Amino acid sequence: MAKKQLDEMSFLDHLEDLRWHLIRATLGILIAAVLAGIAYKFIFDVIIFAPTRMNFATYEGLCRISQFLGINDTTFCAEEFPFVIQNRTVAGQFSAHIWTSIYAGFIIAFPYVLYQLWSFISPGLKIDERKNSRGFIFIASLLFFTGVLFGYYIVTPLSINFLANYKISDQISNEFDVSSVIAIIRSSAIASGFVFELPIIIYFFTKIGLVTPQFLRKYRKYALVIVLILSAVITPPDIASQVIVAIPILILYQVSIYISAIVIKNQKRKESKAKS
């Protein structure tokens with residue numbers, strides 16, 4: 001879309017354009033959801049329920065680390081979890097199939113959703129801004145998928161292991177509903193995926209003048225508190241899990257400061273060139 005054409009578009013034209021981008025993004029998610037729904041055996045048996053088994057890679061790795069440190073009495077080295085997964089509602093398994101397929105479709109189609117969002121926003125940017133943001137879809141998708149993997153392989157196992165072994169009485173047996181198990185895995189993965197988008201968010205906030213590197217450095221200690229609170233929300237309430245989750249978020253925050261500094265530096269260089 002040419003810049004002149006964009007300027008001539010009315011507010012309703014912009015809404016119509018946005019509507020079609022949203023429709024295409026939704027269709028992309030639905031197509032990916034159908035494919036995920038067809039492969040439901042793989043989705044559930046190999047992916048969803050893998051962290052509920054003690055042979056999951058994360059538990060085996062944490063078990064080896066514990067043994068190396070001389071900690072033999074650990075739940076990471078157990079033979080099996082002390083719980084069973086049950087379905088307690090008539091339509092429980094059907095609902096789990098449908099909703100899991102939709103969320104899986106969103107994760108799979110995330111780059112395409114970003115592409116539709118970028119296609120709507122990019123015509124309003126200047127030529128040099130579009131050039132500097134060329135890798136937006138790739139980088140944002142890479143960060144999102146990295147966050148999803150972090151949530152799946154780190155946050156989810158820590159949460160399941162803690163909650164499955166937490167007891168208030170030996171008289172209570174754990175019989176978890178399938179929807180509850182899936183909700184923990186889904187929320188951990190998707191929440192982590194969005195958290196890992198922090199550098200992209202800071203990049204655009206810096207571009208529009210909402211934040212600066214000085215602002216981010218000045219409020220770093222407050223950011224640390226927010227990160228710890230966020231870690232407590234998406235992980236079980238034990239210190240080790242919160243620290244494990246907080247470390248990559250703090251690294252992302254530091255990376256965001258560098259990104260913000262680079263954006264400000266480039267803006268000042270362009271301003272000095274324009275004046276000369």
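Nothing here was measured: the structure is a model prediction, and the numbers come from that model.
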Say you draw a straight line from [atom1] of [X] to [atom2] of [Y]; how long is it, rounded to the nearest 0.5 Å?
{"X": "R220", "Y": "L250", "atom1": "CZ", "atom2": "CG", "result": "9.5 Å"}
{"X": "N55", "Y": "E79", "atom1": "CG", "atom2": "CD", "result": "12.0 Å"}
{"X": "L142", "Y": "T146", "atom1": "CG", "atom2": "OG1", "result": "4.5 Å"}
{"X": "I251", "Y": "L198", "atom1": "CD1", "atom2": "CG", "result": "12.5 Å"}
{"X": "Q86", "Y": "N174", "atom1": "CD", "atom2": "CG", "result": "11.0 Å"}
{"X": "R186", "Y": "T156", "atom1": "CZ", "atom2": "OG1", "result": "11.5 Å"}

Notebook entry, point to check: Do Y219 and V225 pass the side chain to side chain contact (heavy atoms under 4.5 Å, CB included) test, and can you show the C-alpha distance, the side-chain angles, and the key distance before you say yes or no?
Noted result: CA-CA 10 Å; Y219 293 99; V225 174; over 6 Å; no

Is [Y] reachable from [X] through a run of hydrophobic residues whose side-chain heavy atoms are each under 4.5 Å from the next?
{"X": "Y153", "Y": "F42", "value": "yes"}
{"X": "I108", "Y": "L35", "value": "no"}
{"X": "Y112", "Y": "L27", "value": "no"}
{"X": "I202", "Y": "Y222", "value": "yes"}
{"X": "L149", "Y": "I154", "value": "yes"}

Notebook entry, point to check: Going through the distances and angles, do L62 and L158 end up as a side chain to side chain contact (heavy atoms under 4.5 Å, CB included)?
Noted result: CA-CA 10 Å; L62 290 173; L158 291 174; 4.2 Å; yes

Min side-chain heavy-atom separation [X]-[Y] under 4.5 Å:
{"X": "V84", "Y": "F176", "answer": "no"}
{"X": "I107", "Y": "F145", "answer": "yes"}
{"X": "R64", "Y": "E60", "answer": "yes"}
{"X": "I168", "Y": "Y166", "answer": "yes"}
{"X": "L143", "Y": "I200", "answer": "yes"}

Item checked: Nearest heavy atoms of H21 and S119, plus distance in Å -> CE1-CB, 3.5 Å

Notebook entry, point to check: Excluding sequence neighbours, so at least two apart, what forms ring-ring contact (aromatic ring centres under 6.0 Å, His included) with F81?
Noted result: Y59, F83

[X] side chain to [Y] main-chain N or O, any donor-acceptor pair under 3.5 Å?
{"X": "N161", "Y": "P157", "result": "no"}
{"X": "S192", "Y": "A189", "result": "no"}
{"X": "T74", "Y": "C77", "result": "no"}
{"X": "Y253", "Y": "L216", "result": "yes"}
{"X": "S141", "Y": "I137", "result": "yes"}
{"X": "S188", "Y": "V155", "result": "no"}

Notebook entry, point to check: What side chain to side chain donor-acceptor pair (under 3.5 Å) pairs are there with at least one residue in residues 89-105, not counting sequence neighbours?
Noted result: none

[atom1] ([X]) with more than 12 external heavy atoms under 6.0 Å:
{"X": "F44", "atom1": "CZ", "answer": "yes"}
{"X": "Y115", "atom1": "OH", "answer": "no"}
{"X": "F56", "atom1": "CZ", "answer": "yes"}

Hey, can you pull the donor-acceptor pairs under 3.5 Å for the side chains in residues 256-264, sequence neighbours left out?
{"residue": "S256", "atom": "OG", "partner": "L252", "partner atom": "O", "Å": "2.8"}
{"residue": "S260", "atom": "OG", "partner": "T206", "partner atom": "OG1", "Å": "3.0"}

Checklist line | SB check R88 E175 (cutoff 4.0 Å) | finding: yes

Notebook entry, point to check: How far apart are the C-alpha atoms of T26 and L30, what are their side-chain angles, what is the distance that settles it, and do they pass the side chain to side chain contact (heavy atoms under 4.5 Å, CB included) test?
Noted result: CA-CA 6 Å; T26 303; L30 290 177; 4.2 Å; yes

Checklist line | F196 and F144 aromatic centres sub-6.0 Å | finding: no

Next item on the list: Check the pair F136 / F204 against ring pair (Phe, Tyr, Trp, His ring centres under 6.0 Å), numbers first and verdict last.
Entry: CA-CA 11 Å; F136 164 73; F204 283 105; 5.5 Å; yes

Next item on the list: Mind telling me whether F110 and F194 have parallel, tilted or perpendicular rings, with 30° and 60° as the class edges?
Entry: perpendicular

